Amino acid sequence: MAVIELKGVEKSFGSVKVIRGVDLKVEHGEFVVFVGPSGSGKSTLLRLVAGLEETSGGTILIDGRDVTNLGPAERELAMVFQSYALYPHKTIRGNMSFGLEVAGFPKDEIRQRVDEVARLLQLSDYLERKPRELSGGQRQRVAIGRAIVREPVAFMFDEPLSNLDAGLRVDMRIEITKLHQRLGATMIYVTHDQVEAMTLADRIVVLDKGIIQQTGSPLELYEHPANLFVAQFIGSPKMNVLPAAFKDGRISINGGVGIEAGKMTGTDVANVGIRPDDIEISPDGTGLIHGKVDVVERLGSDTFAYVAVPGAHAVTVRAPRDSAVAIGQDVGLTFRPERLQVFAADGASLRPRPGV
Amino acid sequence: MEKDSKRMTLDRRQFMQAAGAGLAATAVAGLPFAAAAQDKVELLLWAWTPDTQVQADMFTKKYPNISVKVENVGQGGPHYVKLRNAIQAGTGLPDLAQMEFNSIPSFKQLGVLADLGAAANPVKDQFIDWTWKAVSDGDKVYGIPWDSGPMGLLYRNDVFEKNKIEVPGTWDAYSEASLKLATDAPGTYMSNFGVSDAGWVAAVLWQAGWRPFHTEGTNITIKLNDDIAKKWAAYWQKLVDAKAVDTKPMWTTEWFAALDDGVHASWVTAAWAPVLMQNSMKKSVGLWRAAPMPQWTAGGTVTSNWGGSTFAAMTTTPHPEEAALFATFMGSDPEAAALWNSKQFLFPVLKSLIDDKALMGAPNAFYGGQAVNEIFVVSENQVDPSFEFAPFQDFVNQTMQDEMSASIAGSGTLGDAFDRLQDKVVAYATDQGYTVS
Amino acid sequence: MPDAVATRRRGRVYVTKSVAPYLFLLPFMALFVAFLIAPLCYAFGLSLFKTTMVAGTQFVGAANYLKVFTDPSFWDGVVLLFKFGLMQIPIMLGLALLYALILDSGRVYGRNFFRIAFFIPYAVPSVIAALLWGYLYGPSFGPFGQLAEFFHLPKPQFLLDGTILGSIANIAVWEFMGYNLIIYFAALQAIPQDLEEASSVDGATGLQYALRIKLPLIMPTVIVTIIFSIIGTLQLFSEPYLMRNLAPGIINSHYTPNFYAYTLAFTNQQYNYSAAVSFVLGGVVAVVSYVFMLLANRRAA
Amino acid sequence: MAIVSKTANSASFRNSRRWLTVALALYFIYTFIPIFYVIVSSTKSNADLFGTFGLWFSGDFHFWQNLQDLFTYQDGIFSRWLLNTILYSVVSGVGAALFATFAGYAFSKFEFVGKKLSFALVLGAVMIPQTALVIPIFLLLSKVGLVNTPWAVILPSLVFPPGVFLMKVYADDALSNELIEAGRVDGAGEVHIFFNIAFRLLTPGFATVLILAFVATWNNYFLPLVLLNSSDNFPVTVGLSQWYALATSGSGGAVLFSIVMAGSLVSIVPVIAAFLIMQRYWQGGLGAGGVKA
């Protein structure tokens with residue numbers, strides 16, 4: 001399997017810079033997810049790797065070979081598209097065979113490989129059907145099968161699950177994970193859904209405005225976001241952000257009492273962030289900040305309370321599922337200082353990552 | 001007939017003598033004729049009269065080395081458009097083309113008409129004088145006449161008798177008859193005033209003495225709206241205003257039907273019309289008669305010509321001698337010429353045929369047994385040969401049709417139409433570089 | 001992909017993305033240049049010269065164009081076309097739209113039959129259409145004239161000064177209404193079904209749905225057909241050309257600008273001036289289309 | 001759906017259905033009059049053509065005779081014209097549709113230098129009057145010796161700018177970029193992708209352009225009129241109008257009128273047949289073009 005390396009990769013459409021210099025190395029067998037909001041450049045970056053777009057600058061290496069100026073076919077990658085991009089006039093077998101036919105494989109081998117992959121993906125019964133006769137999940141599997149059958153050096157996934165309904169999406173997510181384990185292949189996966197990113201990735205690349213905001217394992221990003229953008233993008237529900245300031249060695253939150261600052265790399269504190277799971281509801285009058293419960297969502301496993309805090313956005317709190325919290329209740333909120341993320345005015349995190 | 005044809009036929013030996021005289025000229029143009037005649041030659045002729053191929057094959061029978069392919073590229077106007085396009089393109093001209101008398105000056109002006117004099121002058125005397133004058137300039141011959149259209153009057157005997165109308169000998173009588181018929185039999189007209197055919201207008205005015213053009217080199221005299229034209233216009237304007245003539249566009253089915261149904265009681269027309277009518281009309285068989293063309297002065301003997309055409313060879317042909325031979329044959333071979341008359345309704349241009357009592361005197365059932373051609377034979381000999389067409393006659397015809405039709409449709413009088421015509425033609429001629437006077 | 005033009009890959013010619021568009025465009029563009037651009041350039045060249053019968057050829061620059069701008073024969077034709085277009089286009093497209101809405105309403109019998117039948121005139125060559133209508137218009141032999149005669153009514157006069165423009169317009173309506181109708185119908189069919197359901201839930205009648213939901217939705221299509229009709233109208237040639245012998249007094253040799261260009265070139269041998277007339281006509285077409293598009297966009301905005 | 005089916009049974013629905021069908025029938029009559037006229041006329045002799053009521057059959061059924069005359073007059077040249085027309089229309093139609101599909105595909109799916117300009121040129125081409133083109137085309141083709149050959153009609157007819165526009169719109173609509181990219185990732189070259197993947201999906205658009213270009217050539221009159229000289233090369237439109245001219249000017253005799261009528265009928269039948277056979281396609285294609293445009 002392949003190592004994919006990006007060095008200073010840039011892409012502009014006309015005068016619009018979509019990718020502004022990306023350096024990244026994807027290791028053998030690694031599952032890397034590009035995540036970011038729409039317009040962040042994540043799909044473009046994937047298409048640059050796949051060779052579907054031409055770079056405006058920088059170099060792309062696959063296994064050390066410079067493929068920057070090669071067409072998609074010569075990169076020997078496979079890709080699974082958001083719309084599946086199945087050839088509607090070909091049968092499932094035809095769809096899966098096409099790449100091999102183009103490459104000039106002997107008929108017997110093609111048949112054998114397609115049968116094998118179909119068995120793997122439980123598509124054997126549908127091989128002679130046309131794509132329109134299949135369900136969304138089945139089509140998705142065909143699209144993946146088409147990729148597998150070519151035994152590519154790496155797989156590209158471009159939001160492959162976004163056209164599926166929620167339940168199916170979870171199932172397919174698991175299938176893809178299993179597939180990755182079984183094939184041990186290098187995979188690059190693009191999604192705007194941070195849950196998918198968290199569950200699938202060995203490593204997540206968070207993109208915004210054409211720049212890599214942070215690279216790291218799901219937990220690293222969750223625990224130690226490099227900036228406010230990553231902090232807010234990763235994790236569901238979103239991290240709460242409260243205005244803050246540095247005063248006399250302590251951090252004052254929302255104009256209230258300061259708390260111990262702890263280790264910090266700078267003092268131009270503008271915001272603090274705290275995840276909903278790290279907040280506890282305490283009786284009115286206690287805690288660091290105060291507010292009134294606006295909405296209560298009971299999901300069964302969890303209960304989320306949305307607390308209106310004067311001077312700040314609503315603060316989301318994850319409460320135990322049997323929590324008695326009720327709408328209209330005045331509550332106090334406490335959180336552990338060591339869980340607090342601290343951000344400068346430019347969004348950069350002021351909490352150093354462990355070991356840094 | 002048998003004897004005549006012997007006299008008339010230009011046989012190969014005679015032709016060789018004629019051609020020999022012109023050898024000096026032809027040697028410049030290319031191979032000596034004798035050498036060319038050894039090879040098979042195919043000539044292309046553009047003509048629109050149906051069955052022309054039959055006559056062309058008669059020629060090939062006589063001259064097996066020369067075959068002729070006839071193409072119909074269009075009827076009249078479109079035919080000339082094709083010729084001019086080919087001239088403009090500098091390629092694609094046929095070897096020969098059918099050419100009406102009134103188009104000869106235009107194409108002569110364009111420099112594409114070959115001089116057939118060497119081959120044709122020996123047979124000059126066989127042609128009716130005015131027709132030869134129309135195609136020649138001294139010893140230069142630009143086309144071989146092969147049919148003509150001396151004018152006469154065709155009328156409906158039944159309508160005339162029913163309404164007690166005498167056959168008019170003069171235009172005044174014709175006018176009176178028109179007014180009388182309009183009063184006595186509403187819906188029936190003495191005639192249709194056919195301004196949509198500029199050829200007809202020119203022919204009728206020709207008889208009245210109208211001589212609108214005289215060209216010498218790049219100098220041209222243009223007198224389209226002279227007194228003769230104005231007098232003629234006033235004559236017809238009166239009848240139009242009195243609704244004593246119909247003004248249908250000519251050559252439409254409606255117009256044909258009007259003749260057939262007796263809505264139009266007469267037609268001042270050319271010698272080729274009788275055969276045409278007898279082929280097109282179904283109801284009026286036996287009801288038509290022919291009479292001489294009405295005269296502007298009582299007892300006058302002036303007629304004119306409408307239509308008729310010639311064969312012209314193009315200067316671009318690689319086989320000028322063969323083309324000349326063919327054109328001469330088509331015009332002067334009595335057998336071929338006789339076929340024109342019987343098969344294609346064409347009126348001959350050869351004296352021998354005109355004088356042929358058997359041919360011209362044949363009674364015709366369509367005309368109640370009248371020998372109509374006799375009327376036109378007289379007319380043919382009375383055609384005033386002094387009429388000249390413009391070297392841009394198509395423009396004149398087009399503009400005349402526009403202006404005259406506009407005046408019939410209510411835009412001023414016919415006299416005004418002639419004034420507008422004069423202005424436009426003068427402007428055009430000046431624009432084309434002529435010195436106009 | 002700088003030097004990867006077409007590489008051979010396992011026995012198959014492999015054309016890359018950078019060359020492909022040129023390759024795909026090549027056949028059309030080659031012919032486009034040969035039979036549109038080149039003739040146009042040639043004609044433009046012609047229009048700058050003047051060839052006369054006896055005074056030779058000379059370069060005259062814009063003189064031919066200046067002449068067109070003051071040539072009543074040309075502008076009369078343009079005015080006539082405006083009259084023609086203002087009469088023919090609204091009738092043709094209005095009826096086409098109306099009938100497309102009726103067909104699309106689902107409230108008719110024999111929808112497929114009518115749809116095909118309405119398209120058939122488009123299959124009739126304009127030469128034959130003009131010939132047939134010419135017969136139908138005939139005062140004595142035309143069936144309308146015959147009917148009038150039978151009922152002792154005044155014969156309808158289709159070929160007179162006041163009526164012939166309408167008669168020609170009718171031929172154009174007949175030929176192209178079905179074509180536009182099918183385009184509208186296809187556009188209407190593409191409107192999602194649930195809009196009809198939504199509108200009926202909102203309490204709209206079928207008529208209201210047609211006029212207030214469907215009509216605005218296919219307006220872009222309507223605007224395109226209007227532009228094409230404007231262009232077609234300003235190029236009117238065949239119908240008057242073929243009707244001419246039925247009414248030579250009214251349809252003169254410069255009845256429409258296109259006809260005038262034809263006469264100039266083919267009868268008057270003024271090829272140069274004819275080319276200039278054609279270019280000015282092309283300019284008029286472009287200006288009118290552009291003005292209409294501006295108006296349509298402003299209305300839409 | 002429930003609402004629709006409820007109204008479908010209502011009296012007012014049935015009533016409006018009746019009236020709307022009557023409205024359609026009126027239009028149908030208008031559409032059909034000239035067609036009916038040519039059908040009726042082609043069954044008549046010349047005498048009856050002008051002697052009987054135009055919109056009904058005469059007692060004397062002359063159709064087969066007219067047909068026979070049509071195909072034997074002038075050594076049966078009409079069948080030659082018919083074959084020419086079919087040749088010109090099929091070659092031009094298929095060629096124009098193919099080239100328009102290539103070009104429309106290129107405009108829809110690729111970025112390249114000069115794309116905007118060339119597409120604007122193609123769109124602008126519809127504004128050019130035909131007379132402006134025919135004369136220079138004639139003069140240019142004369143120079144290369146192609147006048148009066150089938151090529152003179154076929155080559156200019158292969159240029160069908162509206163087809164390019166339609167195919168671009170159709171390709172935008174019916175062909176997803178991802179599908180083509182899938183082909184690229186699968187390793188196929190662009191030509192291979194076009195013929196194996198894209199073309200199949202563009203077929204309805206292709207068929208629409210094919211029939212439009214076919215009809216345009218079939219019905220063309222002016223171009224062949226100017227570019228062809230020998231009657232052996234004429235298409236039906238030019239040949240028939242020449243016979244018609246012959247008939248009206250009288251020199252061929254009036255027998256031609258009923259032949260012209262029969263010829264008119266025969267010449268529109270194949271196009272109508274083509275419409276019927278291909279209707280599924282052209283209707284789809286026109287729709288796509290219409291909505292998106």
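The figures that follow rest on heavy atoms only: side chains count, while hydrogens, waters and symmetry mates do not. Every chain is numbered from 1, with letters handed out A, B, ... down the list of sequences. Because the structure is a prediction, the values reported are computed rather than measured.
In this structure, chain D has no heavy atom under 4.5 Å from any part of C:Ile218. For C:Leu217, no part sits under 4.5 Å from any heavy atom of chain D, backbone or side chain. Looking at C:Phe279, neither its backbone nor its side chain comes within 4.5 Å of chain D, counting heavy atoms on both sides. Within the 4.5 angstrom heavy-atom criterion, only side-chain atoms of D:Leu139, from C-beta onward, approach chain C. Both the backbone and the side chain of D:Phe28 come within less than 4.5 Å of a heavy atom of chain C. With a threshold of 4.5 angstrom between heavy atoms, C:Tyr109 approaches chain D through its backbone and through its side chain. When heavy atoms are compared at a cutoff of 4.5 Å, D:Leu121 approaches chain C by way of both its backbone and its side chain. Looking at C:Tyr122, the atoms closer than 4.5 Å to chain D (heavy atoms on both sides) sit in the backbone and in the side chain alike.
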Audit row: D:Val191, C:Leu23, side chain to side chain contact (heavy atoms under 4.5 Å, CB included) steps and yes/no: CA-CA 9 Å; D:Val191 172; C:Leu23 192 71; 3.7 Å; yes
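The aromatic rings of D:Phe194 and C:Phe24 sit tilted, their planes meeting at an angle between 30° and 60°. The aromatic rings of D:Phe257 and C:Tyr135 stand perpendicular to each other, their planes meeting at an angle above 60°, with 30° marking the opposite boundary.
No other option in C:Ala20, C:Cys41, C:Ala265 has as many heavy-atom pairs under 4.5 Å with chain D as C:Ala20.
Side-chain contact between D:Val159 and C:Phe28: present, with at least one pair of heavy atoms (C-beta onward) separated by less than 4.5 Å.
With ring centers used as reference points, C:Phe118 lies under 6.0 Å from D:Tyr27.
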